[in-house]
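Each remark here refers to the structure printed beneath this line.
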2 protein chains.
Amino acid sequence: MKTRDKILLSSLELFNERGERNITTNHIAAHLAISPGNLYYHFRNKSDIIYEIFLEYEKLVDFYLDIPEDRSITLEDLTFYLESVFDGLWSYRFFHRDLEYLLDSDRRLRQDYREFTNRCLVAISRIFEKLAEAGIIQPQPEELRSAMSLNVWLVITNWMAFLKTAHALDESTSLTLKELKQGIYQVLTLEIPYLTADYREQVMALREKYRPSLPESADASGEGCRSDQTLRNF
Amino acid sequence: MKTRDKILLSSLELFNERGERNITTNHIAAHLAISPGNLYYHFRNKSDIIYEIFLEYEKLVDFYLDIPEDRSITLEDLTFYLESVFDGLWSYRFFHRDLEYLLDSDRRLRQDYREFTNRCLVAISRIFEKLAEAGIIQPQPEELRSAMSLNVWLVITNWMAFLKTAHALDESTSLTLKELKQGIYQVLTLEIPYLTADYREQVMALREKYRPSLPESADASGEGCRSDQTLRNF
DNA sequence: CTATTATTAGAGTATATACTCTAGTGAGTC
DNA sequence: GACTCACTAGAGTATATACTCTAATAATAG
């Protein structure tokens, strides 16, 4: 594998594990056992590394959120979209953590991310539309649909931050992809009231599969019995 | 005003304006025209400053989210809660921006924030319960109510980040409290399907008040006409 | 083989950052 | 006047950070 690609891979790995803020270019070079000079031969600066990683992320999500226009949509499609989005979120999880800072440091990134968000919102809205066409949810006026899409986006992009902060974890206890995917439960919660009678049971059963399980509860770690009634559900 | 309080005030101001990550203790001291030594006389380190600011934030929100148990709840109460929470979010807006890093750097803060989140979730859930008691929304089973509360929390705490990233703003164009409060529109969107016939119109009218207005659109800044169909609503 | 280009090492640098240390100052107290 | 004590200045420090520079080595083309 080319050094350039190794740098991207290691950077992503380190960023995901310890946060972009805590990883310097020197760390990345050391982790690869190459010199800083070498790293800077391949990338002009740290921002450039991050930008290229973003482009990969963008490509991945765009690929998964390509809504077919020649056929109607099924519950399996919905599951696929949700699973894929959370997979992407997981693989590039460092990104949303320091998003604001990253966008402030790189104009290209800000612009691209803005357009990326927009495409995602359009895709989510289109999924709602097609779910209605397929008789899975009730059709909604455009205005409501786009507000709902935005809520879905907000829930998805904030779910991981919530998990990390709700956990009583030190650096030791780390998040798992499985826990992350419990965000799907939250997303499906948003759709409940709009389900048609025909599909209600099926979707509720699907949702149930993602229900957060007790064992991972932050409180089950023996920290004592605080009044975590609400978090108990997680 | 005591130097100690001035430090807290200036820190909050600078953090909010430029982000915690971009503000050093030296910046804070310089802004106050005091020496770094002086600052460190009053606070052991940067984390301590942040922790004390958090305690203020916590106190503020706890104060506003004190749900009365001796009477039923009105739409005015709901409006008050929403307005207050977004006011708080605005006044301490630096906090959620770098939340994960801050919690990683200070165990006390992590623990306290966890409990704070939990109290907020309980309060939101309680509000839903009392809205149902007041006949404003339909009553929901505990399980659904807590999942909904969490979604409300996710929308509220992520709304600002969304605005900042959706804006095509450079550092120049900054966010306003008014724009932030359009998050209330998103929160009320979550409640729409559960509204009772009696209150439906009233709540929809309330929601309408917070509808994002075109003029602030990121795209209206003359950047050209991109395919921002979805963001158009904002 | 030679010349060019791509790649790499490794020492080095300017600046920043969080924080420390010493030496006070000024207001009050006895 | 001597003493205390909260408070402050300002120089200084150890370390980190992002990045540069020079020189050397491998790869490749003619």
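Computation of the quantities below employed the complete heavy-atom set of this structure, encompassing side-chain atoms and omitting hydrogens, waters and symmetry-equivalent molecules. The chains referred to below are lettered A, B, ... by the order of the sequence lines, with proteins before strands, and numbering in each begins at 1.
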Enter the inter-axis angle for the ends of the helix from dC1(C)-dG30(D) to dC30(C)-dG1(D) (five pairs per end, rounded to 10°). 10°
Which residues pass the ring-ring contact (aromatic ring centres under 6.0 Å, His included) test with Tyr41(B), sequence neighbours left out? none
Side chain to side chain, Lys209(B) and Tyr185(B), heavy atoms closer than 4.5 Å: no
Close side-chain approach of Thr25(A) to Pro36(A), heavy-atom, < 4.5 Å: no
When you check the phosphate oxygens OP1 and OP2 of [N], does a side-chain N or O of [X] lie under 4.0 Å from one of them?
X: His42(A); N: dA6(C); result: no
X: Ser35(B); N: dA9(D); result: yes
X: Thr3(A); N: dT8(C); result: yes

Measure from the ring center of [X] to the ring center of [Y] and say whether it is less than 6.0 Å.
X: Phe15(A); Y: Tyr92(A); answer: no
X: Tyr57(B); Y: Phe116(B); answer: yes
X: Phe95(A); Y: Tyr113(A); answer: yes

Rounded to whole Å, OH of Tyr41(B) lies from P of dT25(C) at a distance of 17 Å
Tell me what Ala29(B) touches on the nucleic acid: a base, only sugar-phosphate, or nothing, going by heavy atoms under 4.0 Å. nothing
Across the strands shown, which category fits Ile34(B) at heavy-atom distances under 4.0 angstrom: base, sugar-phosphate, nothing? sugar-phosphate
Can any side-chain N or O of Lys59(B) pair as donor or acceptor with the backbone N or O of Phe54(B) at less than 3.5 Å? no
For Thr24(A), run the side-chain hydrogen bond (donor to acceptor under 3.5 Å, both in side chains) check against His27(A), Arg21(A), Glu20(A) and tell me which one passes. His27(A)
Taking protein heavy atoms under 4.0 Å as touching, what does nucleotides 15-27 of chain D look like 5' to 3' if B marks base contact, S marks sugar-phosphate-only contact and - marks none? --SBBBB------
